[in-house]
Number of protein chains: 2
Amino acid sequence: MSLKYALLGFLNYGPHTGYELKKVFDVSVAHFWNAELSQIYPTLKNLESEGLVEMKVDVQADRPNRKVYTITEDGRRELLEWLAAPAEAEQFREPLLIKVFFASTLSKQELIAVLRHRAEELRRSVAVFEHGCSIIENFAEAIGLQREALFWGLTVDSGIKHSQASIEWIEGAIRRVEEMDDAEFGTRYAETAPVDARVSVDTLQKLKSKAPNVFALAHNTGASCE
Amino acid sequence: MSLKYALLGFLNYGPHTGYELKKVFDVSVAHFWNAELSQIYPTLKNLESEGLVEMKVDVQADRPNRKVYTITEDGRRELLEWLAAPAEAEQFREPLLIKVFFASTLSKQELIAVLRHRAEELRRSVAVFEHGCSIIENFAEAIGLQREALFWGLTVDSGIKHSQASIEWIEGAIRRVEEMDDAEFGTRYAETAPVDARVSVDTLQKLKSKAPNVFALAHNTGASCE
DNA sequence: TCCAACATGTAACCGGTTACATGATTCA
DNA sequence: TGAATCATGTAACCGGTTACATGTTGGA
């Protein structure tokens with residue numbers, strides 16, 4: 001649902017075509033919100049039918065016609081309302097954590113390799129983001145939106161902070177895993193006694209009745225143990 | 001695609017029904033991977049048709065019949081392969097960042113309110129996660145998987161670290177925003193000169209040709225400016 | 001000559017959520 | 001009496017990605 005508002009946000013700067021919006025997306029918000037043309041075009045159409053934007057065909061002789069979208073007063077109002085409302089927390093899904101969760105099935109070296117690989121990726125993306133900062137600043141100045149540069153920079157900051165937090169977590173995890181015995185890995189539960197699902201579900205039931213508040217809130221986002 | 005492997009992971013501990021898997025999900029991986037029954041049931045069916053699990057109907061007199069799923073050797077092999085392969089980086093989408101990106105449209109107080117609200121949510125989820133740790137440890141012990149507790153704890157840790165990183169970023173953002181002049185906010189671009197989309201797209205073109213490497217990699221995850 | 005850029009779209013698919021359907025038992 | 005638990009599912013929808021379709025112009 002947020003794509004709608006991201007588009008309104010850019011249209012609030014000035015009229016754009018779908019094609020232009022995609023380009024602007026790619027250098028400005030792509031690090032936390034990607035969008036494909038095939039999604040942008042129909043979304044613009046919806047915005048139009050809701051009366052939040054207006055479209056004017058710009059007939060061109062030598063190139064394909066352009067559909068230029070302009071935000072309406074209704075659109076401005078709706079954008080502002082959304083911006084001021086509390087942000088929904090997007091659900092966080094991280095495949096790496098599934099691997100760590102079931103890591104005792106792996107060998108110690110395999111787990112460490114997986115962790116190192118992800119850390120490398122994250123380090124690379126931090127480097128990219130650091131370049132991204134200066135690009136965003138140049139861009140903001142070039143188009144006369146210097147005052148936006150601070151806000152844009154904050155979003156890049158957020159990305160860097162998250163990546164760094166992940167890297168630090170991975171480094172800590174590797175240290176802990178390295179301290180472990182090789183024997184703790186490579187378990188195949190078929191060989192040991194398999195877990196009895198009924199027992200574990202019963203156990204959950206008991207834990208739940210002891211601390212119901214914890215289970216009630218668990219759906220929010222992430223927190224951790226030391 | 002990861003749901004499949006998360007299910008295989010639990011089935012590797014021992015046979016479970018779909019209903020049981022949902023319960024186990026909710027207390028163990030829900031903080032980074034939610035799953036609904038309506039998704040679990042068909043996924044189990046697919047796993048069966050792929051030969052990665054086997055199903056046996058457990059006829060019950062007083063209650064509805066249960067379908068108990070057991071992992072096969074093929075399933076174990078596929079799980080192990082996936083666990084050892086590099087993790088795909090899930091795309092990160094954060095509505096709050098869209099709000100910050102377009103924050104100059106808001107008033108200063110509105111922006112700060114939005115930021116504070118999210119920080120509060122995050123603080124609450126950190127508290128929940130801290131409880132979650134002890135629950136996970138109790139659970140692991142109760143079902144005889146003590147050695148798993150460390151890995152499970154690491155995933156909770158990751159959640160805490162992320163939330164804390166977000167909180168710190170928000171606190172920094174609030175400090176920066178508080179230093180700003182009220183006049184920097186509440187811009188309505190219609191009143192000033194709207195941005196010319198063609199100029200901004202041209203500018204992007206030039207920035208791109210100057211630093212093509214940055215744009216090539218930009219799709220990874222997040223990094224930031226100081 | 002061939003590819004990239006310009007410019008707009010549709011269709012199929014995919015992972016996931018919400019809502020709905022069924023029907024027994026147990027507990028407050 | 002009515003809600004919660006047990007237990008399985010289907011259907012509709014939603015946001016998003018990938019692939020496909022079309023056709024021109026300009027540059028390597």
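By convention in this document, chain letters (A, B, ...) are assigned in the order of the sequence lines, proteins followed by strands, and residues within each chain are numbered from 1.
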Relative to the 5' end of DNA chain D, which residue comes earlier, A/Gln39 or A/Asp62, by the nucleotide with the nearest heavy atom? A/Gln39
Closest to the 5' end of DNA chain D, once A/Ala61 and A/Ser38 are matched to their nearest nucleotides, is A/Ser38
Where the side chain of [X] is defined as all heavy atoms beyond and including C-beta, which of [options] is the nearest nucleotide?
X        : options               : value
B/Lys45  : D/dG9, D/dT8, D/dG16  : D/dG9
B/Lys23  : C/dT25, D/dC6, D/dG9  : D/dC6
A/Gln60  : C/dA7, C/dT8, C/dG15  : C/dA7
A/Pro64  : D/dA7, C/dA7, C/dT17  : C/dA7
A/Arg198 : C/dA5, D/dA7, C/dT17  : D/dA7
A/Tyr41  : C/dA7, C/dT26, C/dT17 : C/dA7
A/Glu36  : D/dG9, D/dT17, C/dT8  : D/dT17
A/Arg63  : C/dT17, D/dG26, C/dT8 : D/dG26

Mind telling me whether A/Phe92 and B/His162 have parallel, tilted or perpendicular rings, with 30° and 60° as the class edges? tilted
Ring-plane angle category for B/Tyr5 and B/Trp82, please: parallel below 30°, perpendicular beyond 60°, tilted otherwise.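 Parallel: the ring planes of B/Tyr5 and B/Trp82 meet at under 30°.
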Given B/Leu8, which partner from the list B/Leu83, B/Leu47, B/Leu3 fulfils the side-chain contact (heavy atoms from CB on, under 4.5 Å) test?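 Running side-chain contact (heavy atoms from CB on, under 4.5 Å) over B/Leu83, B/Leu47, B/Leu3 with B/Leu8 returns exactly one hit, B/Leu47.
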Starting from the C-alpha separation in whole Å, work towards a yes-or-no answer on side-chain contact (heavy atoms from CB on, under 4.5 Å) for B/Tyr189 and A/Ile71. CA-CA 10 Å; B/Tyr189 297 88; A/Ile71 194 167; over 6 Å; no
Please classify the nucleic acid contact of B/Lys4 as base, sugar-phosphate, or nothing, using heavy-atom distances under 4.0 Å. nothing
So what does B/Thr17 touch, heavy atoms closer than 4.0 Å: a base, only the sugar-phosphate, or nothing?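 Contact class for B/Thr17: sugar-phosphate only.
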